[in-house]
Protein chains: 2
Amino acid sequence: MKRNNKLPGKTIERLSQYRRSLLLCLAQEKTHIFSHEIAALLHITPVQVRRDIMLIGYTGTLRQGYDIRELIDLIGEIIDSQDGLNVAVIGLGNLGRAILTYLSGKRTKLRIAAAFDINPEKVDKVYGGVPCYPLDRLQEILEKEEVSIGILTVPATETAGVANTLVNCGIKGILNYTPKPINVPPHVYLQEYDMITSLEKVAYFVKRNQQPG
Amino acid sequence: MKRNNKLPGKTIERLSQYRRSLLLCLAQEKTHIFSHEIAALLHITPVQVRRDIMLIGYTGTLRQGYDIRELIDLIGEIIDSQDGLNVAVIGLGNLGRAILTYLSGKRTKLRIAAAFDINPEKVDKVYGGVPCYPLDRLQEILEKEEVSIGILTVPATETAGVANTLVNCGIKGILNYTPKPINVPPHVYLQEYDMITSLEKVAYFVKRNQQPG
DNA sequence: TAGTTCTTGTTACAAAAATAACAATGTTAG
DNA sequence: CTAACATTGTTATTTTTGTAACAAGAACTA
(Lines give C-alpha, C1' and ligand atoms only; values in the text may rest on other atoms or scores of the structure.)
Protein backbone atom coordinates (compact mmCIF):
# COMPACT_ATOMS: atom_id res chain seq x y z
CA MET A 1 0.00 0.00 0.00
CA LYS A 2 2.92 2.30 -0.67
CA ARG A 3 1.53 4.91 -2.95
CA ASN A 4 3.84 7.76 -2.33
CA ASN A 5 5.67 6.86 -5.50
CA LYS A 6 4.48 9.36 -8.03
CA LEU A 7 1.74 7.91 -10.19
CA PRO A 8 1.84 8.40 -13.96
CA GLY A 9 -0.24 11.28 -15.21
CA LYS A 10 -2.26 9.05 -17.46
CA THR A 11 -3.10 6.80 -14.56
CA ILE A 12 -4.43 9.78 -12.64
CA GLU A 13 -6.66 10.67 -15.55
CA ARG A 14 -8.04 7.17 -15.67
CA LEU A 15 -8.55 6.99 -11.91
CA SER A 16 -10.72 10.06 -12.17
CA GLN A 17 -12.78 8.32 -14.83
CA TYR A 18 -12.95 5.06 -12.92
CA ARG A 19 -14.38 6.87 -9.97
CA ARG A 20 -17.02 8.57 -12.02
CA SER A 21 -18.14 5.28 -13.54
CA LEU A 22 -17.99 3.53 -10.20
CA LEU A 23 -20.22 6.12 -8.61
CA LEU A 24 -22.82 5.39 -11.26
CA CYS A 25 -22.53 1.67 -10.58
CA LEU A 26 -22.94 2.25 -6.89
CA ALA A 27 -26.12 4.19 -7.56
CA GLN A 28 -27.44 1.05 -9.22
CA GLU A 29 -27.02 -1.08 -6.09
CA LYS A 30 -23.95 -2.80 -7.52
CA THR A 31 -21.36 -3.66 -4.85
CA HIS A 32 -18.57 -5.42 -6.74
CA ILE A 33 -17.10 -5.10 -10.20
CA PHE A 34 -14.54 -6.92 -12.38
CA SER A 35 -11.68 -5.32 -14.22
CA HIS A 36 -13.21 -6.21 -17.56
CA GLU A 37 -16.45 -4.50 -16.59
CA ILE A 38 -14.69 -1.25 -15.78
CA ALA A 39 -12.74 -1.63 -18.98
CA ALA A 40 -15.90 -2.03 -21.03
CA LEU A 41 -17.44 1.10 -19.51
CA LEU A 42 -14.46 3.21 -20.54
CA HIS A 43 -13.52 1.32 -23.70
CA ILE A 44 -10.05 0.43 -22.60
CA THR A 45 -8.41 -2.93 -21.85
CA PRO A 46 -8.90 -4.90 -18.62
CA VAL A 47 -5.13 -5.18 -18.23
CA GLN A 48 -4.80 -1.45 -18.02
CA VAL A 49 -7.48 -1.27 -15.36
CA ARG A 50 -5.79 -3.92 -13.26
CA ARG A 51 -2.45 -2.26 -13.67
CA ASP A 52 -3.76 1.13 -12.57
CA ILE A 53 -5.44 -0.43 -9.56
CA MET A 54 -2.25 -2.26 -8.70
CA LEU A 55 -0.35 1.03 -8.79
CA ILE A 56 -2.58 2.56 -6.15
CA GLY A 57 -2.12 -0.52 -4.00
CA TYR A 58 -5.66 -1.80 -3.93
CA THR A 59 -6.39 -5.51 -4.00
CA GLY A 60 -9.61 -7.06 -5.17
CA THR A 61 -10.95 -10.44 -4.19
CA LEU A 62 -10.36 -13.27 -6.54
CA ARG A 63 -13.83 -14.31 -7.45
CA GLN A 64 -15.80 -11.13 -6.80
CA GLY A 65 -13.51 -8.54 -8.27
CA TYR A 66 -13.22 -5.13 -6.65
CA ASP A 67 -15.37 -3.73 -3.88
CA ILE A 68 -16.81 -0.63 -5.49
CA ARG A 69 -17.24 1.35 -2.31
CA GLU A 70 -13.69 0.67 -1.15
CA LEU A 71 -12.21 1.46 -4.52
CA ILE A 72 -14.06 4.77 -4.74
CA ASP A 73 -12.84 5.72 -1.29
CA LEU A 74 -9.26 4.83 -2.11
CA ILE A 75 -9.27 6.77 -5.35
CA GLY A 76 -10.61 9.68 -3.35
CA GLU A 77 -7.74 9.43 -0.89
CA ILE A 78 -5.32 9.55 -3.77
CA ILE A 79 -6.62 12.26 -6.03
CA ASP A 80 -8.56 14.45 -3.62
CA SER A 81 -7.00 16.83 -1.17
CA GLN A 82 -7.88 16.21 2.42
CA ASP A 83 -9.47 19.57 2.99
CA GLY A 84 -10.54 20.28 -0.55
CA LEU A 85 -9.22 22.92 -2.91
CA ASN A 86 -10.76 26.14 -4.10
CA VAL A 87 -11.00 26.84 -7.80
CA ALA A 88 -11.61 30.04 -9.75
CA VAL A 89 -12.79 30.44 -13.31
CA ILE A 90 -11.38 33.52 -14.97
CA GLY A 91 -13.38 34.62 -17.98
CA LEU A 92 -17.12 33.97 -18.25
CA GLY A 93 -17.53 33.68 -21.97
CA ASN A 94 -19.29 30.64 -23.34
CA LEU A 95 -16.45 28.36 -22.31
CA GLY A 96 -16.24 29.68 -18.77
CA ARG A 97 -19.97 29.29 -18.29
CA ALA A 98 -19.82 25.78 -19.75
CA ILE A 99 -17.29 24.82 -17.11
CA LEU A 100 -19.37 26.33 -14.32
CA THR A 101 -22.37 24.36 -15.51
CA TYR A 102 -20.41 21.13 -15.68
CA LEU A 103 -18.98 21.48 -12.22
CA SER A 104 -21.79 23.17 -10.41
CA GLY A 105 -22.58 21.37 -7.21
CA LYS A 106 -20.89 18.14 -8.26
CA ARG A 107 -17.46 17.93 -6.69
CA THR A 108 -17.34 18.31 -2.97
CA LYS A 109 -13.55 18.39 -2.77
CA LEU A 110 -13.16 20.90 -5.56
CA ARG A 111 -15.14 23.97 -4.74
CA ILE A 112 -15.63 26.61 -7.40
CA ALA A 113 -15.21 29.61 -5.18
CA ALA A 114 -15.32 32.46 -7.64
CA ALA A 115 -15.67 33.52 -11.25
CA PHE A 116 -14.31 36.66 -12.87
CA ASP A 117 -15.18 38.71 -15.91
CA ILE A 118 -14.45 42.16 -17.25
CA ASN A 119 -17.98 42.70 -18.54
CA PRO A 120 -20.07 44.76 -16.07
CA GLU A 121 -23.20 42.99 -17.27
CA LYS A 122 -21.96 39.76 -15.76
CA VAL A 123 -20.34 41.09 -12.64
CA ASP A 124 -22.23 40.62 -9.37
CA LYS A 125 -24.49 37.98 -10.84
CA VAL A 126 -24.40 34.33 -9.88
CA TYR A 127 -23.71 31.58 -12.41
CA GLY A 128 -24.30 27.98 -11.42
CA GLY A 129 -24.12 28.99 -7.79
CA VAL A 130 -20.84 30.85 -8.25
CA PRO A 131 -20.56 34.62 -7.79
CA CYS A 132 -18.95 36.62 -10.56
CA TYR A 133 -16.51 39.36 -9.59
CA PRO A 134 -14.92 42.07 -11.72
CA LEU A 135 -11.53 41.21 -13.09
CA ASP A 136 -9.80 44.00 -11.20
CA ARG A 137 -10.71 42.36 -7.89
CA LEU A 138 -8.89 39.18 -8.94
CA GLN A 139 -6.04 39.46 -6.48
CA GLU A 140 -8.22 40.47 -3.56
CA ILE A 141 -10.73 37.65 -4.00
CA LEU A 142 -8.17 34.96 -4.76
CA GLU A 143 -6.47 35.70 -1.50
CA LYS A 144 -9.64 36.00 0.50
CA GLU A 145 -11.05 32.74 -0.83
CA GLU A 146 -7.71 30.92 -0.71
CA VAL A 147 -7.98 29.79 -4.29
CA SER A 148 -5.32 27.28 -5.35
CA ILE A 149 -6.40 26.46 -8.90
CA GLY A 150 -7.27 28.81 -11.72
CA ILE A 151 -9.08 27.91 -14.92
CA LEU A 152 -8.22 30.33 -17.68
CA THR A 153 -10.96 31.03 -20.18
CA VAL A 154 -10.25 34.63 -21.08
CA PRO A 155 -9.56 35.90 -24.62
CA ALA A 156 -6.06 35.22 -25.90
CA THR A 157 -5.07 38.86 -25.56
CA GLU A 158 -5.63 38.75 -21.80
CA THR A 159 -3.97 35.42 -21.14
CA ALA A 160 -0.48 36.54 -20.25
CA GLY A 161 -1.60 39.29 -17.91
CA VAL A 162 -4.09 37.20 -16.01
CA ALA A 163 -1.63 34.34 -15.77
CA ASN A 164 0.90 36.65 -14.18
CA THR A 165 -1.58 37.88 -11.65
CA LEU A 166 -2.51 34.31 -10.78
CA VAL A 167 1.11 33.40 -10.20
CA ASN A 168 1.68 36.49 -8.10
CA CYS A 169 -1.27 35.56 -5.92
CA GLY A 170 0.41 32.27 -5.14
CA ILE A 171 -1.78 30.05 -7.28
CA LYS A 172 -0.75 26.38 -7.22
CA GLY A 173 -2.16 25.11 -10.49
CA ILE A 174 -3.48 26.53 -13.75
CA LEU A 175 -5.66 24.94 -16.39
CA ASN A 176 -5.23 27.05 -19.51
CA TYR A 177 -7.97 26.79 -22.15
CA THR A 178 -6.64 29.80 -23.99
CA PRO A 179 -4.93 29.25 -27.35
CA LYS A 180 -2.00 31.23 -26.00
CA PRO A 181 0.65 29.20 -24.14
CA ILE A 182 1.83 30.62 -20.86
CA ASN A 183 4.85 29.96 -18.74
CA VAL A 184 4.90 29.65 -15.02
CA PRO A 185 7.49 28.99 -12.33
CA PRO A 186 8.20 25.33 -11.62
CA HIS A 187 6.19 25.21 -8.41
CA VAL A 188 2.99 25.96 -10.33
CA TYR A 189 1.47 22.97 -12.07
CA LEU A 190 0.32 23.88 -15.56
CA GLN A 191 -1.91 22.05 -17.97
CA GLU A 192 -2.85 23.51 -21.33
CA TYR A 193 -5.55 22.49 -23.74
CA ASP A 194 -6.30 24.01 -27.11
CA MET A 195 -9.48 23.07 -28.93
CA ILE A 196 -8.31 24.19 -32.34
CA THR A 197 -5.24 22.01 -32.09
CA SER A 198 -7.41 19.04 -31.18
CA LEU A 199 -9.67 19.65 -34.12
CA GLU A 200 -6.77 19.97 -36.53
CA LYS A 201 -5.36 16.74 -35.20
CA VAL A 202 -8.61 14.94 -35.88
CA ALA A 203 -8.64 16.46 -39.36
CA TYR A 204 -5.13 15.19 -40.03
CA PHE A 205 -5.94 11.62 -39.09
CA VAL A 206 -9.20 11.73 -41.02
CA LYS A 207 -7.28 12.87 -44.07
CA ARG A 208 -4.72 10.11 -43.62
CA ASN A 209 -7.40 7.43 -43.38
CA GLN A 210 -9.00 8.68 -46.55
CA GLN A 211 -5.84 8.60 -48.59
CA PRO A 212 -3.76 5.87 -46.98
CA GLY A 213 -0.17 5.66 -48.16
CA MET B 1 11.13 14.97 -48.22
CA LYS B 2 9.49 11.62 -47.59
CA ARG B 3 6.64 12.39 -45.29
CA ASN B 4 4.28 9.59 -45.97
CA ASN B 5 5.56 7.88 -42.87
CA LYS B 6 2.92 8.44 -40.27
CA LEU B 7 3.82 11.35 -38.05
CA PRO B 8 3.47 11.01 -34.27
CA GLY B 9 0.26 12.41 -32.87
CA LYS B 10 2.11 14.78 -30.59
CA THR B 11 4.07 16.16 -33.49
CA ILE B 12 0.83 16.90 -35.31
CA GLU B 13 -0.43 18.83 -32.32
CA ARG B 14 2.72 20.88 -32.20
CA LEU B 15 2.73 21.53 -35.94
CA SER B 16 -0.72 23.04 -35.56
CA GLN B 17 0.62 25.30 -32.85
CA TYR B 18 3.75 26.19 -34.81
CA ARG B 19 1.61 27.32 -37.68
CA ARG B 20 -0.52 29.51 -35.50
CA SER B 21 2.52 31.21 -34.00
CA LEU B 22 4.20 31.53 -37.36
CA LEU B 23 1.19 33.26 -38.84
CA LEU B 24 1.44 35.84 -36.10
CA CYS B 25 5.14 36.35 -36.84
CA LEU B 26 4.41 36.76 -40.51
CA ALA B 27 1.88 39.46 -39.69
CA GLN B 28 4.75 41.31 -38.02
CA GLU B 29 6.85 41.40 -41.18
CA LYS B 30 9.18 38.71 -39.91
CA THR B 31 10.48 36.45 -42.66
CA HIS B 32 12.80 34.01 -40.91
CA ILE B 33 12.86 32.38 -37.52
CA PHE B 34 15.19 30.18 -35.46
CA SER B 35 14.21 26.99 -33.71
CA HIS B 36 14.85 28.53 -30.33
CA GLU B 37 12.52 31.41 -31.15
CA ILE B 38 9.67 29.06 -31.98
CA ALA B 39 10.50 27.12 -28.86
CA ALA B 40 10.29 30.23 -26.71
CA LEU B 41 6.90 31.16 -28.14
CA LEU B 42 5.45 27.79 -27.20
CA HIS B 43 7.53 27.14 -24.10
CA ILE B 44 9.09 23.94 -25.33
CA THR B 45 12.69 23.05 -26.19
CA PRO B 46 14.46 24.02 -29.43
CA VAL B 47 15.45 20.41 -29.95
CA GLN B 48 11.86 19.34 -30.13
CA VAL B 49 11.10 22.03 -32.66
CA ARG B 50 13.99 20.97 -34.87
CA ARG B 51 13.02 17.35 -34.58
CA ASP B 52 9.43 17.99 -35.57
CA ILE B 53 10.55 20.06 -38.53
CA MET B 54 12.95 17.34 -39.53
CA LEU B 55 10.11 14.82 -39.48
CA ILE B 56 8.12 16.80 -42.01
CA GLY B 57 11.18 17.01 -44.21
CA TYR B 58 11.76 20.73 -44.15
CA THR B 59 15.23 22.18 -44.09
CA GLY B 60 16.16 25.61 -42.84
CA THR B 61 19.22 27.59 -43.75
CA LEU B 62 22.12 27.51 -41.43
CA ARG B 63 22.47 31.08 -40.38
CA GLN B 64 18.97 32.41 -40.99
CA GLY B 65 16.87 29.62 -39.58
CA TYR B 66 13.56 28.71 -41.20
CA ASP B 67 11.70 30.64 -43.87
CA ILE B 68 8.41 31.36 -42.16
CA ARG B 69 6.32 31.48 -45.32
CA GLU B 70 7.66 28.17 -46.61
CA LEU B 71 7.25 26.48 -43.29
CA ILE B 72 3.64 27.62 -42.94
CA ASP B 73 2.87 26.35 -46.41
CA LEU B 74 4.47 22.99 -45.77
CA ILE B 75 2.63 22.50 -42.48
CA GLY B 76 -0.54 23.31 -44.38
CA GLU B 77 0.22 20.63 -46.96
CA ILE B 78 0.67 18.14 -44.17
CA ILE B 79 -2.18 18.79 -41.80
CA ASP B 80 -4.79 20.32 -44.09
CA SER B 81 -6.89 18.35 -46.53
CA GLN B 82 -6.55 19.45 -50.12
CA ASP B 83 -10.22 20.27 -50.56
CA GLY B 84 -11.03 21.08 -46.96
CA LEU B 85 -13.27 19.17 -44.60
CA ASN B 86 -16.72 19.95 -43.29
CA VAL B 87 -17.35 19.94 -39.57
CA ALA B 88 -20.55 19.81 -37.55
CA VAL B 89 -21.09 20.79 -33.93
CA ILE B 90 -23.76 18.71 -32.24
CA GLY B 91 -25.17 20.37 -29.16
CA LEU B 92 -25.31 24.15 -28.78
CA GLY B 93 -25.03 24.53 -25.05
CA ASN B 94 -22.37 26.85 -23.70
CA LEU B 95 -19.59 24.59 -24.88
CA GLY B 96 -20.93 24.19 -28.39
CA ARG B 97 -21.34 27.92 -28.75
CA ALA B 98 -17.83 28.47 -27.38
CA ILE B 99 -16.44 26.28 -30.12
CA LEU B 100 -18.42 28.06 -32.81
CA THR B 101 -17.09 31.36 -31.57
CA TYR B 102 -13.51 30.13 -31.56
CA LEU B 103 -13.65 28.75 -35.05
CA SER B 104 -15.96 31.20 -36.72
CA GLY B 105 -14.42 32.45 -39.90
CA LYS B 106 -10.89 31.44 -38.99
CA ARG B 107 -10.02 28.16 -40.65
CA THR B 108 -10.41 28.06 -44.36
CA LYS B 109 -9.72 24.36 -44.70
CA LEU B 110 -12.04 23.37 -41.88
CA ARG B 111 -15.49 24.68 -42.57
CA ILE B 112 -18.10 24.53 -39.84
CA ALA B 113 -21.02 23.53 -42.00
CA ALA B 114 -23.77 22.98 -39.47
CA ALA B 115 -24.77 23.00 -35.83
CA PHE B 116 -27.52 20.98 -34.16
CA ASP B 117 -29.61 21.32 -31.07
CA ILE B 118 -32.78 19.86 -29.66
CA ASN B 119 -34.02 23.15 -28.26
CA PRO B 120 -36.54 24.82 -30.61
CA GLU B 121 -35.44 28.22 -29.36
CA LYS B 122 -32.06 27.72 -30.98
CA VAL B 123 -33.11 25.95 -34.12
CA ASP B 124 -33.14 27.97 -37.34
CA LYS B 125 -30.99 30.68 -35.87
CA VAL B 126 -27.42 31.40 -36.91
CA TYR B 127 -24.52 31.25 -34.48
CA GLY B 128 -21.15 32.58 -35.53
CA GLY B 129 -22.21 32.30 -39.13
CA VAL B 130 -23.33 28.71 -38.73
CA PRO B 131 -26.97 27.64 -39.11
CA CYS B 132 -28.52 25.58 -36.33
CA TYR B 133 -30.71 22.63 -37.33
CA PRO B 134 -32.97 20.46 -35.18
CA LEU B 135 -31.38 17.27 -33.95
CA ASP B 136 -33.81 15.06 -35.83
CA ARG B 137 -32.49 16.36 -39.13
CA LEU B 138 -28.97 15.26 -38.22
CA GLN B 139 -28.71 12.46 -40.74
CA GLU B 140 -30.22 14.46 -43.58
CA ILE B 141 -27.99 17.49 -43.14
CA LEU B 142 -24.80 15.56 -42.51
CA GLU B 143 -25.25 13.80 -45.81
CA LYS B 144 -26.27 16.89 -47.70
CA GLU B 145 -23.33 18.90 -46.39
CA GLU B 146 -20.87 16.03 -46.66
CA VAL B 147 -19.70 16.45 -43.10
CA SER B 148 -16.65 14.35 -42.18
CA ILE B 149 -15.98 15.49 -38.62
CA GLY B 150 -18.39 15.76 -35.72
CA ILE B 151 -17.79 17.65 -32.49
CA LEU B 152 -19.89 16.22 -29.70
CA THR B 153 -21.09 18.72 -27.10
CA VAL B 154 -24.45 17.23 -26.15
CA PRO B 155 -25.45 16.21 -22.59
CA ALA B 156 -24.00 12.91 -21.44
CA THR B 157 -27.36 11.19 -21.72
CA GLU B 158 -27.49 11.82 -25.46
CA THR B 159 -23.90 10.94 -26.26
CA ALA B 160 -24.28 7.30 -27.24
CA GLY B 161 -27.28 7.87 -29.46
CA VAL B 162 -25.81 10.80 -31.34
CA ALA B 163 -22.50 9.00 -31.73
CA ASN B 164 -24.27 6.06 -33.34
CA THR B 165 -26.07 8.30 -35.77
CA LEU B 166 -22.80 9.98 -36.69
CA VAL B 167 -21.15 6.65 -37.40
CA ASN B 168 -24.13 5.49 -39.44
CA CYS B 169 -23.90 8.63 -41.55
CA GLY B 170 -20.35 7.70 -42.45
CA ILE B 171 -18.57 10.27 -40.30
CA LYS B 172 -14.77 10.03 -40.49
CA GLY B 173 -13.73 11.58 -37.20
CA ILE B 174 -15.29 12.49 -33.86
CA LEU B 175 -14.13 14.91 -31.21
CA ASN B 176 -16.00 13.97 -28.05
CA TYR B 177 -16.25 16.63 -25.34
CA THR B 178 -18.87 14.68 -23.47
CA PRO B 179 -17.89 13.05 -20.16
CA LYS B 180 -19.25 9.79 -21.54
CA PRO B 181 -16.77 7.67 -23.52
CA ILE B 182 -18.00 6.29 -26.81
CA ASN B 183 -16.75 3.53 -29.03
CA VAL B 184 -16.57 3.64 -32.77
CA PRO B 185 -15.47 1.30 -35.54
CA PRO B 186 -11.76 1.40 -36.38
CA HIS B 187 -12.17 3.46 -39.53
CA VAL B 188 -13.50 6.38 -37.48
CA TYR B 189 -10.84 8.44 -35.77
CA LEU B 190 -11.88 9.28 -32.24
CA GLN B 191 -10.49 11.80 -29.79
CA GLU B 192 -12.01 12.33 -26.39
CA TYR B 193 -11.51 15.12 -23.90
CA ASP B 194 -13.04 15.48 -20.50
CA MET B 195 -12.73 18.73 -18.60
CA ILE B 196 -13.50 17.29 -15.21
CA THR B 197 -10.73 14.73 -15.58
CA SER B 198 -8.31 17.50 -16.51
CA LEU B 199 -9.28 19.52 -13.49
CA GLU B 200 -8.92 16.56 -11.15
CA LYS B 201 -5.51 15.87 -12.60
CA VAL B 202 -4.40 19.42 -11.88
CA ALA B 203 -5.76 19.06 -8.36
CA TYR B 204 -3.78 15.88 -7.84
CA PHE B 205 -0.49 17.43 -8.83
CA VAL B 206 -1.21 20.55 -6.83
CA LYS B 207 -1.82 18.37 -3.80
CA ARG B 208 1.40 16.45 -4.42
CA ASN B 209 3.44 19.62 -4.65
CA GLN B 210 1.99 20.86 -1.39
CA GLN B 211 2.82 17.74 0.56
CA PRO B 212 5.86 16.33 -1.22
CA GLY B 213 6.84 12.82 -0.28
C1' DT C 1 -10.73 -34.97 -3.85
C1' DA C 2 -8.91 -33.56 -8.36
C1' DG C 3 -9.45 -30.77 -12.13
C1' DT C 4 -11.36 -26.87 -14.69
C1' DT C 5 -12.42 -22.14 -14.98
C1' DC C 6 -12.20 -17.32 -13.91
C1' DT C 7 -9.95 -13.57 -12.18
C1' DT C 8 -6.31 -11.04 -10.04
C1' DG C 9 -1.41 -9.23 -9.46
C1' DT C 10 3.04 -8.83 -11.35
C1' DT C 11 6.76 -9.14 -14.28
C1' DA C 12 8.52 -8.75 -18.84
C1' DC C 13 8.22 -6.72 -23.30
C1' DA C 14 7.06 -3.23 -26.93
C1' DA C 15 5.83 1.23 -28.63
C1' DA C 16 5.68 6.17 -28.34
C1' DA C 17 7.65 10.36 -26.92
C1' DA C 18 11.04 13.35 -25.11
C1' DT C 19 15.75 14.50 -24.29
C1' DA C 20 20.49 14.51 -24.98
C1' DA C 21 24.63 14.21 -27.75
C1' DC C 22 27.08 15.43 -31.51
C1' DA C 23 28.69 15.90 -36.44
C1' DA C 24 28.30 19.23 -40.17
C1' DT C 25 28.47 23.80 -41.94
C1' DG C 26 27.99 28.54 -42.95
C1' DT C 27 29.41 33.12 -40.73
C1' DT C 28 32.04 36.21 -38.23
C1' DA C 29 36.28 37.96 -35.90
C1' DG C 30 40.80 38.57 -35.67
C1' DC D 1 43.52 32.31 -43.51
C1' DT D 2 42.25 30.27 -39.23
C1' DA D 3 39.72 29.73 -35.27
C1' DA D 4 35.64 30.43 -32.61
C1' DC D 5 30.75 30.51 -32.87
C1' DA D 6 25.90 29.68 -33.79
C1' DT D 7 22.69 26.87 -35.81
C1' DT D 8 20.81 22.90 -38.12
C1' DG D 9 19.93 17.81 -38.89
C1' DT D 10 20.41 13.28 -37.20
C1' DT D 11 21.39 9.49 -34.29
C1' DA D 12 21.39 7.53 -29.65
C1' DT D 13 19.59 7.28 -25.07
C1' DT D 14 16.21 7.69 -21.60
C1' DT D 15 11.67 8.11 -19.96
C1' DT D 16 6.93 7.30 -20.22
C1' DT D 17 3.09 4.65 -21.58
C1' DG D 18 0.71 0.66 -23.05
C1' DT D 19 0.40 -4.42 -24.01
C1' DA D 20 1.25 -9.08 -23.42
C1' DA D 21 2.37 -13.16 -20.78
C1' DC D 22 1.80 -15.88 -17.00
C1' DA D 23 1.87 -17.65 -12.09
C1' DA D 24 -1.36 -18.06 -8.24
C1' DG D 25 -5.59 -18.68 -5.95
C1' DA D 26 -10.55 -19.09 -4.96
C1' DA D 27 -14.88 -21.27 -6.49
C1' DC D 28 -17.30 -24.56 -8.91
C1' DT D 29 -17.96 -29.35 -10.96
C1' DA D 30 -17.88 -33.94 -11.07
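Order of the sequence lines sets the chain letters (A, B, ...), proteins ahead of strands, with each chain counted from 1.
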I need the [atom1]-[atom2] distance between [X] and [N], as an integer number of Å.
X	N	atom1	atom2	value
I12(B)	dA18(C)	CD1	C1'	17 Å
K10(B)	dT19(C)	NZ	C1'	16 Å
Q64(A)	dT8(C)	CD	P	11 Å
I53(A)	dT7(C)	CD1	C1'	12 Å
L62(B)	dA23(C)	CG	C1'	12 Å

Query raised in the report: Heavy atom of residues 29-47 of chain B under 4.0 Å from DNA chain C: which residues?
Result: V47(B)
Query raised in the report: Between P181(B) and E192(B), which heavy-atom pair has the shortest distance, and what is it?
Result: CA-OE2, 3.4 Å
Report task. Might you confirm whether atom CD1 of I118(A) has over 12 heavy atoms from other residues, nucleotides or ligands at distances under 6.0 Å? Result -> no
Report task. Please indicate whether K10(A) has more than 12 foreign heavy atoms, meaning atoms of other residues, nucleotides or ligands, lying under 6.0 Å from its NZ. Result -> no
Requested in this report: Tell whether R50(A) reaches the base of dT10(C) with its side chain through a donor-acceptor pair below 3.5 angstrom.
Outcome: no
Any carboxylate oxygen within less than 4.0 angstrom of a Lys/Arg side-chain nitrogen, looking at [X] and [Y]?
X	Y	value
R20(A)	E200(B)	no
R19(B)	D80(B)	yes
E158(A)	K180(A)	no

Query - 5'-most by nearest nucleotide on DNA chain C - R51(A) or Y66(A) - result: Y66(A)
Report task. Among dC6(C), dT28(C), dG9(C), find the nucleotide with the atom closest to the side chain of R63(B). Result -> dT28(C)
**Report entry** Side-chain (D117(A)) to main-chain (L92(A)) donor-acceptor, under 3.5 angstrom
**Finding:** yes
Query raised in the report: Cut-off 3.5 Å, side chains only: do T61(B) and Y66(B) have a donor facing an acceptor?
Result: no
Query raised in the report: Do S81(A) and Y204(B) have side-chain N/O donor and acceptor atoms under 3.5 Å apart?
Result: no
Report task. Look at all strands and tell whether T59(A) reaches a base, only sugar-phosphate, or nothing, counting heavy atoms closer than 4.0 Å. Result -> sugar-phosphate
Report summary line: In the 5' to 3' direction, the nucleotides of DNA chain D bounding the stretch that comes under 4.0 Å of a heavy atom in chain A are dT17(D) to dA27(D)
